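For reference, the structure discussed in these notes is given below.
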4 protein chains.
Amino acid sequence: MQQVRARARRDSILEAALRVFARAGYHLASVDAIAREANTSKGGVYFHFPSKETIFLLLLDRAASQLRARAEAAIAAERDPVAKVEAALWTVLDAFSAHRDLARLFLVEGAAAGQRIRERIDALHAEFTQLIRDQLDAAVAAGAIPPIDTALVAQAWFGALNEVVTGWAHADQPSSLPEAFWTLRRLFLRGVGIDPDFGVEPA
Amino acid sequence: MQQVRARARRDSILEAALRVFARAGYHLASVDAIAREANTSKGGVYFHFPSKETIFLLLLDRAASQLRARAEAAIAAERDPVAKVEAALWTVLDAFSAHRDLARLFLVEGAAAGQRIRERIDALHAEFTQLIRDQLDAAVAAGAIPPIDTALVAQAWFGALNEVVTGWAHADQPSSLPEAFWTLRRLFLRGVGIDPDFGVEPA
Amino acid sequence: MQQVRARARRDSILEAALRVFARAGYHLASVDAIAREANTSKGGVYFHFPSKETIFLLLLDRAASQLRARAEAAIAAERDPVAKVEAALWTVLDAFSAHRDLARLFLVEGAAAGQRIRERIDALHAEFTQLIRDQLDAAVAAGAIPPIDTALVAQAWFGALNEVVTGWAHADQPSSLPEAFWTLRRLFLRGVGIDPDFGVEPA
Amino acid sequence: MQQVRARARRDSILEAALRVFARAGYHLASVDAIAREANTSKGGVYFHFPSKETIFLLLLDRAASQLRARAEAAIAAERDPVAKVEAALWTVLDAFSAHRDLARLFLVEGAAAGQRIRERIDALHAEFTQLIRDQLDAAVAAGAIPPIDTALVAQAWFGALNEVVTGWAHADQPSSLPEAFWTLRRLFLRGVGIDPDFGVEPA
DNA sequence: TATGAATGAGCTTTCATTCAT
DNA sequence: AATGAATGAAAGCTCATTCAT
């Protein structure tokens with residue numbers, strides 16, 4: 001029973017930390033502020049977690065696996081290789097735009113937070129790039145897409161998504177993300193040689 | 001004569017600051033470390049610059065205008081609209097990859113460094129996106145490219161370039177920059193409806 | 001229980017700060033020195049108080065209200081208007097001479113300590129001058145003292161008291177406070193037209 | 001010839017320092033600001049003076065001896081003992097009110113400026129108190145004033161003058177110093193048993 | 001478990017003073 | 001004589017982390 005309570009406390013601290021990090025960024029988020037947001041004390045935070053960095057890392061991992069799970073589910077729900085590719089992209093774009101602050105936090109902010117965190121952020125980038133790449137590879141293998149350096153394409157796509165979403169977060173560009181999606185979809189698919197409306201284009 | 005020395009010192013502090021910022025990020029770079037790297041004292045740094053933030057901003061502006069100048073020169077050297085587009089892209093890619101640490105510093109790291117710096121980083125993103133967009137608009141106007149949301153495309157391309165280059169530090173991909181260029185070029189141009197080998201594709 | 005300890009610590013920091021301020025003056029009193037004097041650390045001081053200035057202001061207010069309370073009590077204990085005037089003077093003189101270092105600190109030293117503190121010191125001067133003046137006004141209204149510019153008189157008296165007491169630290173004069181009181185009493189009262197021994201003098 | 005120039009430079013630095021000290025107070029007056037005000041450089045200041053403190057002390061002494069000279073002249077110009085007393089008072093009040101900023105600087109501000117300066121400020125107080133006291137003693141010896149603790153009276157008068165003038169400097173009290181003089185004169189003289197209009201009062 | 005007081009290293013910045021030129 | 005670059009010892013303040021209760 002006590003363990004249940006402890007677990008709940010731990011989770012509430014994590015939620016609070018997420019909010020504070022998202023609001024203030026890694027450096028400006030003080031442990032005090034996190035404790036206050038979680039309605040506990042600094043000591044309470046340190047009882048559950050060994051350091052501020054650890055909390056950030058935990059949140060990072062949690063966000064990453066949630067996103068991964070969603071993406072994998074979306075991909076699994078499609079049969080067609082190209083549709084799987086699109087599912088991967090759409091899930092990422094969708095998740096980013098639903099949680100702009102987190103996207104900013106983990107994709108941008110986190111990069112200024114010291115060696116350890118940096119490395120994991122890079123790993124996260126790599127992971128999602130890989131996820132997209134896997135779908136591309138499958139599509140290439142299935143002949144749905146002409147051969148191409150899929151690693152590079154995945155990386156480029158990920159970066160494009162990232163920029164568009166984080167740009168959207170604080171400017172007004174683009175004004176509407178859903179509309180942007182259709183343009184990006186065209187841009188991406190035609191880029192790899194698919195006519196988004198009729199399948200593979202003739203050479 | 002003293003002025004010459006002072007100018008040299010000032011420059012050496014700027015160089016040192018650039019190295020330290022690139023190595024540690026804005027927050028983790030202490031003025032002490034910058035002074036040490038420049039073989040001077042903290043007071044010396046403050047004699048030449050009013051604040052750490054000012055130094056960062058100065059470096060940022062310097063890098064931005066160098067890149068802008070290069071890009072504009074490269075664009076001006078081409079006549080064909082599509083070639084101008086390619087020139088813009090290539091310059092950015094080239095510059096970024098020659099100074100990956102700076103690209104990381106100014107495009108990623110700096111975004112977590114406080115209001116003033118954030119604003120200028122955003123402005124920098126906007127500026128280079130605009131630079132690319134201008135070429136796209138010209139190409140569309142010239143009929144070299146079918147109509148498209150050029151703002152979004154420029155943003156996506158910028159993000160793609162950014163990600164590919166800053167991702168380089170840790171991955172093994174791409175093995176070579178020129179190769180990557182050809183892939184990206186194809187990806188980008190086909191994305192907007194140009195056959196990179198034969199010009200505009202038939203609808 | 002912890003709160004008791006915290007309160008005690010807080011108070012001990014205040015006492016320590018008072019000693020250090022009195023010894024060194026506002027500017028020369030470092031927070032480090034205050035912490036050392038209070039057998040705690042700089043961080044400890046800042047845990048209990050938000051700034052050095054706040055501490056000074058707190059001490060200032062505390063001293064002022066203690067003095068005010070004493071003076072008001074002494075005044076209330078008298079019925080005769082002239083006796084009230086004397087009570088105000090005596091209380092101030094007594095308090096100042098019992099805490100010469102504080103008088104010096106708050107009446108003299110503090111005046112060079114920045115806008116906020118200056119304003120409050122001025123207010124303190126004004127307050128005690130006013131306190132004396134009120135008694136003078138009452139005495140004038142009661143016909144115990146001939147009409148006079150009571151504001152100016154109160155100011156002059158306050159300054160005289162201040163100088164006599166703060167000057168003590170270095171001179172040998174006056175040998176004894178009670179003796180000084182009788183001299184000052186005579187000086188002050190005769191100055192406003194009262195024979196200190198027989199009441200109002202004939203015109 | 002060069003010595004003449006050096007002397008002029010030295011003096012111009014002193015004047016500049018006086019202005020800066022009066023404007024900003026001892027602590028806030030930086031040597032840089034003094035150099036700038038004197039149209040020279042920090043090094044120039046240090047060529048002529050060994051330290052900031054020395055400069056302040058020099059100015060203090062200079063102001064003190066100027067005031068002393070004026071007071072002594074004014075005193076010497078009178079024959080009557082009581083008139084001499086009044087001359088001393090009036091000179092001090094006059095000087096203070098003509099140079100409010102300096103009065104504030106040397107009588108108030110300076111007190112927060114470290115041991116050495118503090119001691120000299122005290123000496124200055126003592127000196128002027130002594131000057132007034134000497135006239136009082138002479139008046140007592142001449143039978144113009146009944147016996148009294150002249151040291152204490154002089155101190156009280158000095159303090160009263162000081163408070164009235166410095167109060168005048170930043171509040172509006174008293175509204176007119178010349179008017180205040182007549183009130184103070186009455187206050188002071190009657191205090192020591194002199195009817196300011198008809199000489200010594202009957203016991 | 002949880003609290004919050006306490007620590008101390010670290011930060012940016014200021015400035016009196018020194019010194020090569 | 002004079003300059004102004006350079007120094008370095010502070011200063012006030014913040015905050016991740018520790019620890020007695």
Side-chain angles (χ1 to χ4, degrees), chain A residues 2-3 5-6 9-10 13 27-36 39-55, chain B residues 1-10 13 27-35 38-53, chain C residues 1-10 13 27-35 38-53 55, chain D residues 2-3 5-6 9-10 13 27-35 39-55:
Chain A
Q2 288 204 348
Q3 287 179 17
R5 270 239 294 277
R9 184 57 120 186
R10 209 187 108 100
I13 292 172
H27 270 106
L28 266 45
S30 69
V31 175
D32 238 340
I34 292 171
R36 222 176 302 123
N39 285 115
T40 182
S41 64
K42 242 197 298 210
V45 172
Y46 276 92
F47 177 80
H48 289 287
F49 304 95
S51 75
K52 176 178 160 181
E53 192 183 41
T54 303
I55 298 177
Chain B
M1 284 309 107
Q2 263 200 89
Q3 287 181 18
V4 172
R5 279 268 280 271
R7 183 115 212 133
R9 182 61 113 184
R10 205 188 115 100
I13 292 172
H27 267 110
L28 267 37
S30 72
V31 175
D32 243 336
I34 293 172
N39 284 115
T40 183
S41 63
K42 233 186 323 194
V45 173
Y46 277 96
F47 177 80
H48 289 286
F49 304 96
S51 74
K52 176 179 156 178
E53 192 184 42
Chain C
M1 285 309 105
Q2 262 200 94
Q3 286 180 19
V4 172
R5 279 267 281 271
R7 182 116 210 133
R9 183 61 113 186
R10 204 189 115 100
I13 292 172
H27 266 110
L28 266 38
S30 72
V31 175
D32 245 334
I34 293 172
N39 284 116
T40 183
S41 63
K42 228 186 329 193
V45 173
Y46 277 96
F47 177 78
H48 289 285
F49 304 96
S51 73
K52 175 179 158 180
E53 192 185 41
I55 297 177
Chain D
Q2 289 203 347
Q3 287 181 17
R5 269 240 296 276
R9 185 57 122 184
R10 208 187 109 101
I13 292 172
H27 270 106
L28 266 45
S30 70
V31 176
D32 239 339
I34 293 171
N39 285 115
T40 181
S41 64
K42 242 197 300 211
V45 172
Y46 276 92
F47 178 80
H48 290 287
F49 305 95
S51 74
K52 176 179 160 180
E53 192 183 41
T54 303
I55 298 177

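Only a predicted model underlies this, so the values are computations on that prediction, with no experimental measurement involved. In what follows, chains carry the letters A, B, and so on, assigned in the order in which the sequence lines appear, proteins first and then strands, with residues in each chain numbered from 1.
- Distance Leu28(B) CG to dT12(E) C1': 15 Å, rounded to the nearest Å.
- Nucleotide dT13(E) holds its C1' atom 15 Å from the CG atom of Asp32(D), rounded to whole Å.
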Would you mind writing out the side-chain donor-acceptor pairs for residues 38-45 of chain B within the sub-3.5 Å range, not counting sequence neighbours?
{"unit_1": "Ser41(B)", "atom_1": "OG", "unit_2": "Gly44(B)", "atom_2": "N", "d": "3.2"}

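- Legend: residues meeting ring-ring contact (aromatic ring centres under 6.0 Å, His included) with His48(C), ordered by chain and number and at least two apart, are absent.
- Rounded to whole Å, atom P of dC13(F) lies 10 Å from atom CD1 of Ile34(C).
- The CZ-P distance, from Phe49(C) to dG12(F), rounds to 15 Å in whole Å.
- Residue Lys52(A) has its side chain nearest to dA16(F) when only dA16(F), dA6(F), dA1(F) are considered.
- Residues Lys52(A) and Tyr46(A) approach most closely at N-OH, 4.4 Å, considering heavy atoms.
- In DNA chain E, runs of at least 3 stacked Watson-Crick or G-U pairs (N1-N3 plus N6-O4 or O6-N4, or N1-O2 plus O6-N3, all under 3.5 Å) give these stems: E:2-21 with F:2-21.
- Between Ile55(A) atom CD1 and Ile34(A) atom CD1 the span is 5.0 Å, to the nearest 0.5 Å.
- For the pair His27(C) NE2 and dG12(F) C1', the computed distance is 12 Å after rounding to whole Å.
- By the side chain to side chain contact (heavy atoms under 4.5 Å, CB included) test, Phe47(B) pairs with no residue at all, sequence neighbours left out.
- Closest contact between the side chain of Val31(A) and the listed nucleotides dA16(F), dT3(F), dA16(E) involves dA16(F).
- The shortest distance between the side-chain N/O atoms of Arg5(B) and the OP1/OP2 oxygens of dA5(F) is not below 4.0 Å.
- Residues that satisfy the side chain to side chain donor-acceptor pair (under 3.5 Å) test with Ser30(B), not counting sequence neighbours, are absent from this structure.
- Between Ser51(A) and Pro50(C), the residue whose closest nucleotide on DNA chain F is further toward the 5' end is Pro50(C).
- The stretch residues 40-48 of chain A touches DNA chain E through Thr40(A), Ser41(A), Lys42(A), Gly43(A), Gly44(A), Phe47(A), His48(A), each having a heavy atom within less than 4.0 Å of the strand.
- As judged by a 4.0 angstrom heavy-atom cut-off over every strand, Ala29(B) is placed among residues touching the sugar-phosphate backbone only.
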